[in-house]
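One structure is given here, and the rest of the page talks about it.
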Amino acid sequence: LLPRYSAEPAAAPTNANAADSADPAPLEAAPALGPEMAPVTIVEYADFGCPACWQWHQSGILQQLRAKYGDQIRFVWRDFPVITLLSPKAAEAGQCAHEQDKFWEFHDLVYQRDGAIEASDLQAYAAEIGLNMDQFTDCVTSRRYRDRVNAQQHEGFEHGLKGAPAFFVNDQRVIGPQRADVFEELA
């Protein structure tokens with residue numbers, strides 16, 4: 001991966017309203033791995049109920065890229081709950097885990113369990129990763145992050161996405177689960 005330097009800001013998936021305090025889904029509030037100033041940013045639009053998403057994460061591509069490139073890449077999660085009827089609430093539960101700084105543990109557990117996302121599964125994952133269950137339950141039942149999840153889904157549609165997973169490597173769209181070399185070529 002080599003940094004892409006451009007005088008122009010990335011066309012996607014920038015969040016034009018990030019400075020607007022009314023924006024329910026600012027990119028800087030999204031779960032992310034890697035430094036904010038990394039020269040390469042990979043933004044994934046994904047769904048906890050998506051078999052192709054589970055398979056991509058289980059294949060270890062993200063871990064391979066992070067191991068090889070370290071602080072040169074930043075990986076950002078965006079909810080795109082379009083696969084199942086349970087997906088939006090699972091996405092909200094993920095945001096509730098993020099509220100307690102345990103999004104990635106929650107994410108990994110959901111994908112290790114092949115995306116079982118019934119309400120009882122989500123509660124079990126939260127307990128297993130050690131979330132404060134009163135806080136988590138209140139967050140999920142109040143649907144505190146419904147607007148954030150809806151805004152991210154809408155953002156994905158605005159970028160022309162029709163399914164998950166989809167990625168943006170800096171400003172370049174990548175549709176579907178891909179091998180590590182595809183991401184390396186685009187960066």
Q) Do the side chains of Gln178 and Glu185 get nearer than 4.5 Å, heavy atoms only? A) no
(Q) Is any side-chain heavy atom of Ile42 closer than 4.5 Å to one of Phe183? (A) yes
Q) Quick one: does Gln72's side chain get under 4.5 Å of Val40's, heavy atoms only? A) no
Q.
Using 0.5 Å steps for rounding, measure from the CD atom of Glu36 to the CG atom of Leu27.
A. 9.5 Å
Q | Within-4.5 Å side-chain heavy-atom neighbours: Thr41 and Asn170 | A | yes
Q) Going only through I, L, V, M, F, W and Y residues with side-chain contacts under 4.5 Å, is there a path from Leu109 to Ile117? A) yes
Q: Compute the centroid of each ring, for Phe168 and then for His159, and state whether the two points are separated by less than 6.0 Å.
A: yes
Q. Are Leu33 and Trp56 grouped together when hydrophobic residues (ILVMFWY) are joined by side-chain heavy atoms under 4.5 angstrom apart?
A. yes
**Q.** Nearest-0.5 Å distance, OG of residue Ser120 to OH of residue Tyr125
**A.** 8.5 Å
Q: Check each of Tyr45, Phe48, Phe167 against Trp77 using the ring-ring contact (aromatic ring centres under 6.0 Å, His included) test, and report the only one that passes.
A: Phe48
Q. Taking the side chain as C-beta and beyond, is there a heavy-atom pair between Leu186 and Val174 under 4.5 Å?
A. yes
Q: Kindly work out whether a path of hydrophobic side-chain contacts (I/L/V/M/F/W/Y, heavy atoms less than 4.5 Å apart) joins Phe136 to Tyr145.
A: no
Q: Check whether any side-chain heavy atom of Gln63 lies under 4.5 Å from a side-chain heavy atom of Arg66, and answer yes or no.
A: no
Q. Between Thr137 (side chain) and Asp134 (backbone), is there a donor-acceptor pair under 3.5 Å?
A. no
Q: Indicate the atoms forming the closest heavy-atom contact of Tyr111 with Ala46, along with that distance.
A: OH-CB, 3.9 Å
**Q.** Pair His154-Glu158, side-chain donor/acceptor within less than 3.5 Å
**A.** yes
Q) Is a donor on one side and an acceptor on the other found under 3.5 Å between the side chain of Asp47 and the backbone of Gly49? A) yes
Q. Out of curiosity, Asp108 CG to Lys102 NZ, how far, rounded to the nearest 0.5 Å?
A. 12.5 Å
Q) What's the spacing between Glu44 CD and His107 NE2 if we round to 0.5 Å? A) 6.0 Å
Q. Per the side chain to side chain donor-acceptor pair (under 3.5 Å) rule, which among Arg143, Arg144, Arg146 passes with Glu92?
A. Arg143
Q) Between the side chain of Arg148 and the main-chain N/O of Ala25, is any donor-acceptor distance below 3.5 Å? A) no
**Q.** Approximate separation, where rounding is to 0.5 Å, of Leu131 CG and Glu105 CD
**A.** 8.5 Å
Q. With hydrophobic residues grouped by side-chain heavy-atom distances under 4.5 Å, do Leu86 and Val149 end up in a single group?
A. no
